[in-house]
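Encoded as structure tokens, the structure appears first; notes follow it.
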Amino acid sequence: MPTRITGPAVVVIDGGRIVAIEPTSEPVPDLTLAPGFVDLQVNGIGSIDVAHAEGDDWNVLDRALLAQGVTTWCPTLVTAPLDSYAEPLERIAAAAARDDGRVRPAIAGAHLEGPFLGGAPGAHPVDLIRPPDREWLAGLPSIVKVVTLAPESEGVIDCIESLVATGVLVSLGHSTASYAQALDATAAGARLVTHCFNGMAPLHHREPGLVGAALTDDRLAVSVIADLVHVHAAAIAIAFRAKGAGQVVLVTDAVAWDRGTVGDAVRVTFDGTAPRLADGTLAGSALTMDKAVRNVVEHCGVSLLDAVHAAAATPARLLGLDDRGEILPGRRADLAALGPDLTVQATWVGGRAAEQLGAAPPIGTPVTSFRVRPTEQK
């Protein structure tokens with residue numbers, strides 16, 4: 001885990017990977033180079049919902065994600081009838097396999113946030129939530145890499161063990177589970193809690209529940225929607241202090257707020273702060289990943305180093321992607337240049353520059369990073 005901000009220096013890239021980080025005495029502009037961000041939960045962006053995305057929709061999503069500094073992501077499907085998942089999962093798999101030479105963020109795999117949820121459905125349609133179906137889960141295509149389950153569901157332990165055995169990251173969420181049930185699910189192999197504090201019973205001093213397990217069990221990482229609407233800044237600070245940066249994951253949980261739907265069953269309106277159901281229930285966010293980093297630094301007392309770790313290194317590790325998430329020799333050259341206000345100025349995937357996003361110089365010119373500057377691939 002990186003322990004400091006370094007610079008000025010030069011990041012040397014060869015064959016799409018970082019091969020060296022070398023000190024430099026040359027002048028550098030006021031930019032900070034971070035590892036490319038990894039978002040585990042993206043339902044949609046703007047007018048495009050991932051459950052319906054096809055054709056050029058994926059290119060639009062790619063550009064929107066690169067503009068946030070996201071270089072790896074998980075398209076996320078919410079609660080729906082079991083027979084409706086096959087088609088969008090096929091489209092996600094096809095999008096992940098695209099190889100047309102464009103610079104695009106990598107799709108690590110799909111995240112199923114439903115329908116196997118529990119007593120805290122949030123915006124998920126209650127009539128479609130059901131106990132986990134082990135046979136159905138066993139038949140999931142390999143594109144599925146993350147599944148959110150409720151620890152209190154009947155038969156969930158067997159399902160967790162089965163999913164973990166196939167390399168799927170199991171997350172716990174949308175739940176009113178007891179503390180003991182949450183620990184049982186963790187012992188079975190669950191390693192993440194989906195958007196901690198949201199979609200679960202609140203922490204009680206005699207009934208700590210899933211939140212209590214999430215904040216105290218070192219085996220569990222917690223994802224947090226840091227738009228300052230879903231979770232108060234103080235609660236985000238508590239998560240970082242309880243877990244440490246290595247066990248907090250920043251997610252956007254972004255939805256197609258301009259489209260007005262999440263999947264087929266959830267209708268939302270955007271009130272200027274977050275998408276909501278007609279009754280005011282929060283239904284995903286309009287957050288970007290660079291804004292999440294900015295929020296936790298400016299409002300939650302989190303260092304930039306810890307914020308970036310939660311946006312890149314920790315989610316990469318949870319996905320088993322040990323080739324990215326940090327600026328270290330041997331890692332993929334997935335990078336994001338942040339301006340003084342922590343907005344993304346440029347993004348590189350495998351050492352290749354995305355289309356110009358702002359006023360940042362093109363690849364090959366100095367930028368600070370942890371005060372480092374990328375150099376052209378050799």
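Throughout, residue positions are numbered sequentially from 1 according to the sequence presented.
Looking at V255 and V42, their side chains never come closer than 4.5 Å, going by heavy atoms from C-beta outward. At least one side-chain heavy atom of P35 sits less than 4.5 Å from a side-chain heavy atom of V308. Side-chain contact between L210 and L172: present, with at least one pair of heavy atoms (C-beta onward) separated by less than 4.5 Å. In this structure, H111 and N43 have side chains that are not in contact, with every pair of non-hydrogen atoms separated by 4.5 Å or more.
The main-chain N or O of A337 is never found under 3.5 Å from a side-chain atom of T32 such that the two would form a donor-acceptor pair. In terms of modelled atom types and a separation under 3.5 Å, the side chain of K243 and the main chain of L220 share a donor-acceptor contact. With hydrogens and angles disregarded, no donor-acceptor distance shorter than 3.5 Å links the side chain of T343 to the backbone of G339. Looking only at distances, a side-chain donor or acceptor of R191 sits under 3.5 Å from a matching main-chain atom of T186. No donor-acceptor pair under 3.5 Å is formed between the side chain of D306 and the backbone N or O of A245. Side-chain atoms of T347 never come within 3.5 Å of backbone atoms of A354 as a donor-acceptor pair (strictly under, hydrogens ignored). A donor-acceptor pair under 3.5 Å is formed between the side chain of Q181 and the backbone N or O of S178. Between the side chain of T148 and the backbone N or O of G173, no donor-acceptor pair lies under 3.5 Å.
Contact detail for P132 and G155: the closest heavy-atom pair is CG-C, 4.4 Å. In terms of heavy atoms, A108 sits closest to T72 at CB-CG2, 3.7 Å. For V78 against Y85, the heavy-atom pair with the smallest separation is O-OH, 2.8 Å. The two residues A150 and S175 make their nearest non-hydrogen contact at CB-CB, 4.2 Å. Contact detail for A80 and L128: the closest heavy-atom pair is CA-CD1, 4.0 Å. The minimum heavy-atom distance linking V344 with A67 is given by the pair CB-O, 3.3 Å.
For the atom pair S285 OG and Q41 CD, the distance stands at 9.0 Å (nearest 0.5 Å). The CD1 atom of I18 sits 12.0 Å away from the CZ atom of R324 when rounded to the nearest 0.5 Å. D227 CG to D253 CG: the interatomic distance, rounded to the nearest 0.5 Å, is 9.0 Å. The CG atom of D323 lies 7.5 Å from the CG atom of D334; values are rounded to the nearest 0.5 Å. Once rounded to the nearest 0.5 Å, the distance linking CZ of R294 with CE of M289 reads 12.5 Å. Distance check, rounded to the nearest 0.5 Å: OG of S223 to CG of D39 gives 9.5 Å.
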Between H52 and D49, is the side-chain contact (heavy atoms from CB on, under 4.5 Å) condition met? List the steps.
CA-CA 6 Å; H52 301 92; D49 184 281; 3.6 Å; yes

side-chain contact (heavy atoms from CB on, under 4.5 Å) between V222 and F240, intermediate numbers included
CA-CA 9 Å; V222 298; F240 273 91; over 6 Å; no

Yes or no on side-chain contact (heavy atoms from CB on, under 4.5 Å) for L335 and I13, after CA distance, side-chain angles and deciding distance?
CA-CA 11 Å; L335 304 165; I13 299 168; 4.2 Å; yes

Are H174 and E113 close enough, and set up right, to give a side chain to side chain donor-acceptor pair (under 3.5 Å), and what steps lead you there?
CA-CA 9 Å; H174 286 284; E113 188 196 4; 2.8 Å; yes

Take R317 and Q247, measure what side chain to side chain donor-acceptor pair (under 3.5 Å) needs, and give me the verdict at the end.
CA-CA 10 Å; R317 172 179 58 80; Q247 288 289 76; 2.7 Å; yes

Derivation of the ring-ring contact (aromatic ring centres under 6.0 Å, His included) call for W73 and F37
CA-CA 8 Å; W73 67 298; F37 303 142; over 10 Å; no

Evaluate the side chain to side chain donor-acceptor pair (under 3.5 Å) criterion for residues T194 and S171: first the C-alpha distance (whole Å), next the side-chain angles of each, then the deciding distance (0.1 Å), finally the verdict.
CA-CA 6 Å; T194 293; S171 190; 2.7 Å; yes

Show your reasoning for whether side-chain contact (heavy atoms from CB on, under 4.5 Å) applies to V211 and M200.
CA-CA 7 Å; V211 173; M200 59 194 65; 3.5 Å; yes

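L82 and L117 fall into different hydrophobic clusters, where Ile, Leu, Val, Met, Phe, Trp and Tyr are joined by side-chain heavy atoms under 4.5 Å apart, directly or via other members. Using a 4.5 Å cut-off between side-chain heavy atoms of Ile, Leu, Val, Met, Phe, Trp and Tyr, with links allowed through other members, L203 and Y179 fall into different hydrophobic clusters. Taking hydrophobic clusters as Ile, Leu, Val, Met, Phe, Trp and Tyr residues chained together by side-chain heavy-atom distances below 4.5 Å, I143 shares a cluster with L163. Residues V296 and V231 are members of one and the same hydrophobic cluster, defined by side-chain heavy-atom contacts under 4.5 angstrom among Ile, Leu, Val, Met, Phe, Trp and Tyr. Under the 4.5 Å side-chain heavy-atom criterion for grouping Ile, Leu, Val, Met, Phe, Trp and Tyr, L149 is not connected to I129 through any hydrophobic cluster.
The pair R276-D271 counts as a salt bridge, with a side-chain nitrogen and a carboxylate oxygen less than 4.0 angstrom apart. Salt bridge annotation for D133-R130: present, with a cationic side-chain nitrogen under 4.0 angstrom from a carboxylate oxygen. Classification of D62 and R98 as a salt-bridged pair holds, one side-chain N sitting under 4.0 Å from a carboxylate O. A salt bridge does not link E54 to R91: none of the charged nitrogens lies less than 4.0 Å from a carboxylate oxygen.
Ring pair H195/H230: centre-to-centre distance not below 6.0 Å.
In the hydrophobic clustering, L321 connects to V38, L40, V146, L169, L192, I225, V249, V251, L287, L318, L319, either directly or through intervening members, whenever side-chain heavy atoms lie under 4.5 Å apart.
Test L228, N295, V248 against I236 for side-chain contact (heavy atoms from CB on, under 4.5 Å) and you get one pass: L228.
Classified by interplanar angle (parallel below 30°, tilted 30° to 60°, perpendicular above 60°), the ring pair W257/F270 is tilted.
Counting non-hydrogen atoms of neighbouring residues, nucleotides and ligands closer than 6.0 angstrom, the CD atom of E298 exceeds 12 such neighbours. Within a 6.0 Å radius of NE2 in H232, other residues, nucleotides and ligands contribute 12 heavy atoms or fewer. The environment of CD in E22 is crowded: more than 12 heavy-atom neighbours from other residues, nucleotides or ligands sit within 6.0 Å. Under a cut-off of 6.0 angstrom, the local environment of CG in D99 is sparse, with at most 12 non-hydrogen atoms contributed by other residues, nucleotides or ligands. In R241, the CZ atom is not crowded: 12 or fewer heavy atoms of neighbouring residues, nucleotides or ligands sit closer than 6.0 Å.
Between the side chains of D290 and Q68, no donor-acceptor pair is found at a separation under 3.5 Å.
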